[in-house]
Amino acid sequence: MRVLFIHSDYLKYQTKNKTKIAEQIEPDQKEGYFKDVLVVFTAVEAEDENKSEEIVPKVIKEVEDVFKKIKAEGIVIYPYAHLTSSLSSPETAKSILNNMETILKEKGYKVARAPFGWYKSFEISCKGHPLSELSRTITPEDKIQEIEEKDIESQWYILDQGKLISPDEFEFKSEELRKLAMYELGKIKSSGEESPHVKLMREKNLADYEPSADVGHLRWYPKGRLIRDLLADYVYQLVTHEGAMQVETPIMYDLADEAIRVHAEKFGERQYRMGHSKKELMLRYACCFGAFRVLSDSFLTWKNLPVRIYELSTYSFRMEKKGEVVGLKRLRGFTMPDLHTVCQDLEQSLTEFDRQILMCKKTGEDLEVNYEVIFRATEDFYEKYKDWMHQAASKVDKPVLIEILAERKHYWICKMDFAAIDYLGRPIENPTIQIDVESGERFDITYVNEDEEEAHPIIIHCSPTGSIERVICSLLEKTAIERNEKAPMLPTWLSPTQVRLLPISERHLDFALDFAAKLKDHNIRVDVDDRVERVGKKIRNAAQEWIPYVVVIGDREVESGEITANIRKNEEKKTTDLDNLVKIIKDETSGMPFRALPLPLLVSERIAF
RNA sequence: GCCUUAGUGGCUCAGGCGGUAGAGCGAUGCCUUGGUAAGGCAUAGGUCGGGGGUUCGAAUCCCCCCUAAGGCUCCA
């Protein structure tokens, strides 16, 4: 519901024509004149439908609060559809407005209500003091329930080699796990420093803020876009290897669909809504909506299961609070690999969960990012599947943080979250696996079981890497953590330029171009710094771009055909030839996706973003 | 969203107790054809985040807004 309060010297209205939805009125309601009143312009919205019992007390409270502050003589409720683009049915609106009037009268206020569904002329004189114009959005969510949820505290443990130990007593061998535990238990102190990745993403020309979009939406430059694509290719390889089928589904959904609405409301205020005169739409916060709709319309039998549906959401949208949006770590629009696995029953989902733990663990190894693990379950689930949980945790090969929730708050009963730890010691939530016991039924996803009966499956949600942006965030943060030990860089397979050639003078350019063409034929991203600058400067610039292999081309190289590669990773100079350089890079990037360099070969032809 | 702080050439910043701006990097031009982390000289480039107000006059003072950083809170 939307409400606009105007504290006015007077309000005068006169009914003109009826609309189709006009209410019956008495002759004395045809016009009205009120002095020193709080006018409550009100629009009842689609989301208030059937929520009269929740919405009315809340709006009454708002009216009373404002009324007491401004000390007006009376209240006029004025139906005003134009405050929203998503109106409720006229019946709901009439009933809510009538209720408001009745309750306020019972409370002893002098209340009038302008007739509903009539065209009216009106004149108003706003007093103009600071409280004389106020607007409110009132939502029907049940706040009381939220408070209750917060009150139920979880139990926290470290699970190490089959033993549950209190985090206070555990002797942490991993500083990162300790930081994660302290953060989750709310015991970490903030240092007030900036996240290094924000500066790096801009400095390295990967991405930048776009002030003309909403907060938390980035523009990506060619290098950043390349890295995103390579990571997307990587996840695609990984999940298709696991038997997943890729789909693509719409980014927005109609809230008139009951299942969509209920699943969307699990996300509360963080939904991105889109107003529209006839439809109330939401932008997806994950791929669940599309995947579930596809699965709901698919014919599945027990022989098909488990079925794995994969989508990379470019984008998912979450209305994160403005003050929390930061760099690549928390965005309002982000790219999430999302794998949904349909399982016959809980037993099958546990087998799949085991596989997915290994898959998530592998991404950490492939990306060279250390993850610490939080394993969460409801108390019921933990009691029943303790043995399974302990063996599942053992797959991580190190102690994990355990949260046991008193009762199920969300759609999952068990989940495993993998988090990298950033430069400031805070977790970056990356991969996740969740067992969903609600959505099968809610979205009417069914399969035919062995007894030829229809049954609702268990669904596992899994993001093997977490959002692509957060992967990049983790990689950049890692360079900052390690900057005292080694030269910062991205893994070679993700480095935009893998080899840079530095011709010393113009007469070495042809040789360099020929060398570059050959590297390019081997699917190596190479470029040539042909600018008229000194070698020292070109070396420095290449280092600033974190280029893994830098080769100076001068008379010696042209004559001998041998080159010396400056290898950033170990700060080594290696004299070798073209074939061997190719081999070194191929070995280093083996099994990882390749894409061509989306920039001109010649550095002199590039533009500054 | 709230609290605190900030926004000055493409980038990083200096200056501002009211009299319309400076540096370094980068860019451009010329010289230098140079062997492993910044060669030299010159030139261009700014409605000082946006809008209002006070004032003869605002980058500077006041108000509102936008954006960012840190914190709070939150993270299905």
Side-chain angles (χ1 to χ4, degrees), chain A residues 130 137 146 149-150 183-184 186 188-196 198-199 202-203 205 208-217 262-271 282 284-286 288-289 316 318-327 329-332 334 336 374 376 408-412 415 417 419 424 426-429 432 434 436 438-439 461 463 466-467 470 487 500 502-509 529-545 547 550-558 563-568 571 573 604 606-609:
Chain A
T137 302
E146 277 178 32
E149 279 175 3
K150 279 176 198 158
Y183 188 89
E184 290 297 328
I188 205 162
K189 286 175 215 139
S190 298
S191 67
E193 283 177 89
E194 290 181 24
S195 286
V198 179
K199 197 179 168 195
R202 306 174 77 182
E203 196 177 283
N205 265 293
D208 205 345
Y209 295 112
E210 175 49 76
S212 294
D214 190 11
V215 171
H217 294 265
V262 174
H263 196 72
E265 276 168 12
K266 294 265 156 189
F267 211 55
E269 289 180 351
R270 297 201 294 140
Q271 294 169 65
M282 66 144 323
R284 65 178 177 192
Y285 57 77
C288 306
F289 302 92
S316 285
R318 300 183 185 187
M319 189 57 84
E320 302 291 0
K321 284 184 202 159
K322 217 173 162 185
E324 293 168 352
V325 171
V326 56
K329 191 170 183 179
R330 179 157 303 172
L331 291 157
R332 283 187 176 175
F334 59 94
M336 185 83 149
I374 312 178
R376 303 176 208 260
R408 178 153 65 92
K409 296 181 203 173
H410 314 302
Y411 55 69
W412 54 267
K415 74 189 286 214
D417 295 319
L424 300 172
R426 297 173 303 199
I428 308 167
E429 287 170 24
T432 181
Q434 306 166 357
D436 176 352
E438 284 186 1
S439 299
H461 303 239
S463 185
S467 86
R470 281 189 177 171
R500 171 156 298 169
L502 309 184
I504 290 175
S505 81
E506 240 176 274
R507 67 176 180 278
H508 308 115
L509 185 59
D529 190 347
D530 60 325
R531 296 171 306 163
V532 186
E533 293 289 353
R534 289 178 199 271
V535 177
K537 181 155 185 173
K538 293 186 187 183
I539 292 273
R540 180 182 152 88
N541 290 157
Q544 283 172 327
E545 288 186 53
I547 294 170
V550 177
V551 178
V552 177
I553 307 279
D555 290 338
R556 288 207 294 271
E557 287 72 19
V558 173
I563 53 96
T564 300
N566 295 255
I567 305 173
R568 185 171 177 81
E571 288 169 69
K573 282 188 174 54
S604 66
R606 297 202 181 153
I607 65 168
F609 288 103

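Below, chain A is the first sequence line, B the second, and so on; all start at residue 1.
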Pick the C1' atom in B:U20 and in B:C30, then give their distance to the nearest Å. 34 Å
With a 4.0 Å cut-off on heavy atoms, is A:Glu506 in touch with a base, just the backbone sugar-phosphate, or nothing at all? base
Using a 4.0 Å heavy-atom cut-off, does A:Asp555 contact any base of the nucleic acid, only the sugar-phosphate backbone, or nothing at all? base
Among all residues two or more places apart in sequence or in another chain, which pass the side-chain hydrogen bond (donor to acceptor under 3.5 Å, both in side chains) test with A:Gln544? A:Asn541
Sorted by position of nearest nucleotide on RNA chain B, 5' first, the leading residue of A:Phe267 and A:Val552 is A:Val552
Taking the same atom, P, in B:G24 and in B:C61, what whole-Å distance lies between them? 27 Å
With no angle test and no hydrogens, is the base of B:G71 tied to the side chain of A:Glu324 by a donor-acceptor pair under 3.5 Å? no
Could you pull out the protein-nucleic contacts involving nucleotides 39-42 of chain B (nitrogen or oxygen on both sides, under 3.5 Å)?
residue: B:G39; atom: O4'; partner: A:Arg534; partner atom: NE; Å: 3.3
residue: B:G39; atom: N9; partner: A:Arg534; partner atom: NE; Å: 3.1

Given atom CZ of A:Phe334 and atom C1' of B:C75, what is their separation to the nearest angstrom? 10 Å
With rounding to whole Å, what would you report as the distance between B:G71 and B:G15 at their P atoms? 26 Å
What integer distance in Å separates A:Arg531:CZ from B:A38:P? 14 Å
Take atom CG of A:Asn541 and atom C1' of B:G34, then tell me their distance rounded to the nearest Å. 15 Å
5′-ward residue of the pair A:Glu184/A:Gly554 relative to RNA chain B: A:Gly554
Nearest-Å distance, CD1 (A:Ile504) to C1' (B:U36)? 9 Å
Secondary-structure string, 5' to 3', Watson-Crick or G-U under 3.5 Å, | for another-strand partners, for RNA chain B: (((((((..((((.....[..)))).(((((.......))))).....(((((..]....))))))))))))....
For A:Gly466 and A:Met336, work out which heavy atoms get closest and say how close. C-SD, 4.1 Å
Would you indicate what A:Gln434 reaches in the nucleic acid, counting non-hydrogen atoms under 4.0 angstrom: base, sugar-phosphate, or nothing? nothing
Pairwise P distance, B:G10 and B:G45 [rounded to whole Å]: 12 Å
Name the orientation class of the two ring planes belonging to A:Tyr285 and A:Phe267 (parallel below 30°, tilted from 30 to 60°, perpendicular beyond 60°). parallel
Between B:A76, B:A68, B:U73, which nucleotide gets closest to the side-chain atoms of A:Val215? B:A68
Is a side-chain donor or acceptor of A:Glu265 paired with a backbone partner of A:Val262 at a separation under 3.5 angstrom? no
Output the distance between atom CE (A:Met319) and atom CE (A:Met282), rounded to the nearest 0.5 Å. 11.0 Å
Rounding to an integer number of angstrom, what distance separates B:C75 and B:U4 when you compare their C1' atoms? 23 Å
A:Arg426 near the nucleic acid: base, sugar-phosphate alone, or nothing, with a heavy-atom cut-off under 4.0 Å? sugar-phosphate
A:Arg426 side chain to A:Tyr183 main-chain N or O, any donor-acceptor pair under 3.5 Å? no
Starting from C1' on B:A68, measure out to CG on A:Asp214 and report it in whole angstrom. 14 Å
Looking at every heavy atom in both A:Lys538 and A:Pro503, which two are closest together, and how far apart are they? NZ-O, 3.0 Å
Rounded distance [0.5 Å steps], CG in A:Asp436 versus NE2 in A:His263: 7.0 Å
Rounded P spacing from B:U60 to B:C17 in Å: 11 Å
So, using side-chain hydrogen bond (donor to acceptor under 3.5 Å, both in side chains) as the criterion, who are the partners of A:Lys573 when residues are at least two apart? none
Hey, does A:Val325 reach any base, or is it just sugar-phosphate, or nothing, if we go heavy atoms under 4.0 Å? sugar-phosphate
Between the base of B:C74 and the side chain of A:Arg318, is there a donor and acceptor pair under 3.5 angstrom? no
To the nearest 0.5 Å, how far apart are CZ in A:Phe289 and OG in A:Ser439? 9.0 Å
P-based separation of B:A38 from B:A27 [nearest Å]: 16 Å
Taking N or O atoms only and anything under 3.5 Å, show me the protein contacts with nucleotides 46-51 of chain B, one pair per line.
none

Pick base, sugar-phosphate or nothing for A:Glu557, based on heavy-atom distances below 4.0 Å to the nucleic acid. base
Verify, without hydrogens or angle tests, whether A:Lys266 (side chain) and A:Tyr411 (backbone) share a donor-acceptor contact under 3.5 angstrom. no
Assign A:Ala608 to base, sugar-phosphate, or nothing according to its heavy-atom contacts below 4.0 angstrom with the strands shown. nothing
Closest to the side chain of A:Tyr411, out of B:C74, B:A76, B:G35, is B:A76
Quick check: closest heavy atoms across A:Arg408 and A:Glu438, and the distance to 0.1 Å? NH1-OE2, 2.6 Å
Drop me the distance from A:Arg500's CZ to A:Asp529's CG, to the nearest 0.5 angstrom. 5.5 Å
What I'd like to find out is whether the side chain of A:Val552 reaches to under 4.5 Å of the side chain of A:Ile504, using heavy atoms alone. yes
Provide the distance between the two P atoms, one in B:U8 and one in B:A59, to the nearest whole Å. 15 Å
According to a strict under-4.0 Å criterion, is A:Tyr209 in side-chain N/O contact with OP1 or OP2 of B:A69? yes
Scan nucleotides 7-11 of chain B against the protein and return all N/O pairs shorter than 3.5 Å with their distances rounded to 0.1 Å.
none

Nearest-Å distance for atom pair CE/C1', residues A:Met319 and B:A76: 16 Å
CZ/A:Arg507 to CG/A:Asp555 distance, rounded to the nearest 0.5 angstrom? 4.5 Å
Whole-Å distance separating the NZ atom of A:Lys266 from the P atom of B:C75: 14 Å
CZ on A:Arg470 to CG on A:Leu331, rounded to 0.5 Å: 8.5 Å
Heavy-atom nearest pair, A:Arg318 first then A:Ala286, reads NH2-CB, 4.3 Å
Please report the distance, rounded to the nearest Å, between NZ in A:Lys321 and P in B:G71. 15 Å
